[in-house]
Amino acid sequence: MSESTITFIGGGNMAQALVGGLLAAGHPGSAIRVADPSETQRQQVSEQFGVATFADNAEAVSGARAVVLAVKPQVMAPVLESIREPLAENAVVISVAAGITLDGLARGLGESTARVRAMPNTPALYRAGITGVVASRNCREEDRALATTILEAAGRVVWINEESQMDAVTAVSGSGPAYFFAFTEHLAEAGVHAGLPPAVALELARQTAIGAGVMLAESEHEPGELRRRVTSPGGTTEAALKSFAGSKMAAMIDQAVQAALRRGRELGGDH
Ligand SMILES: NC(=O)C1=CN([C@@H]2O[C@H](COP(=O)(O)OP(=O)(O)OC[C@H]3O[C@@H](n4cnc5c(N)ncnc54)[C@H](OP(=O)(O)O)[C@@H]3O)[C@@H](O)[C@H]2O)C=CC1
Ligand SMILES: O=C(O)[C@@H]1CCC=N1
């Protein structure tokens, strides 16, 4: 991987997932910087990853080839203001903030800045993430290649042609890990209700989620076929799946994704 300096603005969950992925992929820690206003956060990042940390965004972006904006959408406006002047002319700015559009970034940074809007997810920490990406028209091939390289350190990258689809990407894969974690929590709770000790129920639920994930990754079959192979006619799985259908599970998931989609649009519209 190239040794271009990469600066992260915001040193929270997402930045740490991406920094962890970059280091695991062999990007030198000496070429990674993290800016965060919280001293506690800076200390944690520096201890965990051994990268340089900064209290001042302007100082952190100076000379950086790529700047990753990993702050909440709500603080994006002042963050853009803080980096506009010191940003290097050849810098590509990559935002991972939900709902912040390429136009929104241009309003804060100027139209001439190369901009990438990306939506990763937290499995990035284990290089098992997936990131949807779209770029401004003025992004050069080498900017796109650099963004791909940075984001591939966190897992797979899917380039999206229509920016309007990014809120859907956010609702499916950006937020998606939380849906599977919530399902695992509820399965463990149901195991306790069914008579298991809590620790056993959690271990069964967690390892089942992991095993199902490995099958999704490794098997040549679609999820529907994998489901059918567990479901013996007239058996226990069929009874559970019928109960899911009776509770309108598909509609429930669709509504949840629509709620995330709407919230993504609201967050983008706020800025
Ligand atoms: N978490 C996830 O799964 C995903 C998150 N995202 C997006 O990533 C972005 C970051 O989310 P996440 O990492 O979870 O959030 P976190 O709150 O964990 O991290 C954001 C960090 O930015 C810091 N910060 C606040 N203001 C500034 C500032 N002016 N300059 C520099 N840093 C600042 C915050 O400090 P303090 O806490 O002191 O305010 C915090 O440490 C969001 O926009 C979210 O939409 C995208 C995909 C997945
Ligand atoms: O919940 C959020 O808004 C962010 C975006 C996707 C995952 N976390």
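Computed from a predicted model, the values in this text were never measured in an experiment.
- The two residues Ala171 and Ser175 have their closest heavy-atom pair at O-CB, 4.2 Å.
- When side chains are defined from C-beta on, Gln16 counts as touching Gln41, because their heavy atoms get closer than 4.5 Å.
- Counting non-hydrogen atoms of neighbouring residues, nucleotides and ligands closer than 6.0 angstrom, the CD atom of Glu225 exceeds 12 such neighbours.
- Among all heavy-atom pairs drawn from Ile83 and Val67, the shortest one is CD1-CG1, 4.3 Å.
- Of all heavy-atom pairs spanning Gly99 and Asp167, the tightest one is CA-OD1, 4.0 Å.
- Expressed to the nearest 0.5 Å, how far CD1 of Ile130 lies from CG of Leu151 amounts to 11.5 Å.
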Residues Val93, Leu109; criterion side-chain contact (heavy atoms from CB on, under 4.5 Å); working and verdict
CA-CA 9 Å; Val93 174; Leu109 298 173; 3.8 Å; yes
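- Here the straight-line distance linking atom OG1 of Thr131 with atom CZ of Arg156 works out to 12.0 Å at 0.5 Å rounding.
- The CD atom of Gln48 lies 10.0 Å from the CG atom of Leu23; values are rounded to the nearest 0.5 Å.
- With hydrogens and angles disregarded, a donor-acceptor distance shorter than 3.5 Å links the side chain of Glu163 to the backbone of Leu102.
- Looking at every heavy atom in both residues, Arg127 comes nearest to Glu152 through NH2-O, 3.9 Å.
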Quick one: do Arg140 and Asn90 satisfy side-chain contact (heavy atoms from CB on, under 4.5 Å)? Show the steps, please.
CA-CA 10 Å; Arg140 296 162 303 169; Asn90 72 338; 4.2 Å; yes
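- Judged purely by atom type and a 3.5 angstrom limit, Arg206 has no side-chain atom pairing as donor or acceptor with the backbone of Thr184.
- For residues 60-70, the salt bridge (charged side-chain N to carboxylate O under 4.0 Å, His left out) pairs, not counting sequence neighbours, are Arg65-Asp143.
- Residues passing the side-chain hydrogen bond (donor to acceptor under 3.5 Å, both in side chains) test with Ser136 are Asn138, sequence neighbours excluded.
- Between Arg117 and Ile100, every side-chain heavy-atom pair lies at or beyond the 4.5 Å cut-off.
- Looking at Ile94, Leu105, Val116, Val96 one by one, the single match for side chain to side chain contact (heavy atoms under 4.5 Å, CB included) with Leu69 turns out to be Leu105.
- Heavy-atom minimum distance, Ala188 versus Ala205: N-CB, 3.8 Å.
- Between atom CZ of residue Arg229 and atom OG1 of residue Thr237 there is a gap of 14.5 Å, rounded to the nearest 0.5 Å.
- Taking hydrophobic clusters as Ile, Leu, Val, Met, Phe, Trp and Tyr residues chained together by side-chain heavy-atom distances below 4.5 Å, Ile253 shares a cluster with Leu241.
- With hydrophobic clusters built from ILVMFWY side chains whose heavy atoms lie under 4.5 angstrom apart, Val68 shares a cluster with Trp159.
- Taking every heavy atom of both residues into account, Ala64 and Ala88 meet most closely at O-CB, 3.8 Å.
- Linking Ile, Leu, Val, Met, Phe, Trp and Tyr whenever their side-chain heavy atoms come within less than 4.5 Å leaves Leu202 and Phe180 in two separate clusters.
- Put simply, the side chain of Leu216 reaches to within 4.5 Å of the side chain of Pro223, judged on heavy atoms.
- Shown here are the side-chain hydrogen bond (donor to acceptor under 3.5 Å, both in side chains) partners of Gln255, two or more places apart in sequence or in another chain: there are none.
- In this structure, Glu81 contributes its side chain and Gly108 its backbone to no donor-acceptor pair below 3.5 Å.
- The closest side-chain donor-acceptor pair between Arg228 and His221, if any, does not fall under 3.5 angstrom.
- Taking the side chain as every heavy atom from C-beta outward, Met76 and Leu267 never approach each other to under 4.5 Å.
- Rounded to the nearest 0.5 Å, atoms CZ (Arg84) and CG (Asn57) are 15.5 Å apart.
- Placement of Val75 and Phe54 in two distinct hydrophobic clusters is found when ILVMFWY residues are connected by side-chain heavy-atom separations under 4.5 Å, directly or transitively.
- Distance check, rounded to the nearest 0.5 Å: CD of Gln44 to OG1 of Thr53 gives 11.0 Å.
- Screening Val51, Thr7, Leu18, Thr5 for a side chain to side chain contact (heavy atoms under 4.5 Å, CB included) with Ile32, the sole residue that qualifies is Val51.
- Residues Pro120 and Met14 form a side-chain contact, since some pair of their non-hydrogen atoms from C-beta on lies under 4.5 Å apart.
- The cluster map of Ile, Leu, Val, Met, Phe, Trp and Tyr, joined by side-chain heavy atoms under 4.5 Å apart, puts Val172 and Tyr179 in the same cluster.
- Panel note: side chain Glu238, backbone Gly234; a donor-acceptor pair is recorded below 3.5 Å.
- A donor-acceptor pair under 3.5 Å links the side-chain atoms of Asn121 to the main chain of Ser173, judged by distance alone.
- Of the possible donor and acceptor atoms, one in the side chain of Arg42 sits under 3.5 Å from a partner among the backbone N and O of Asp36.
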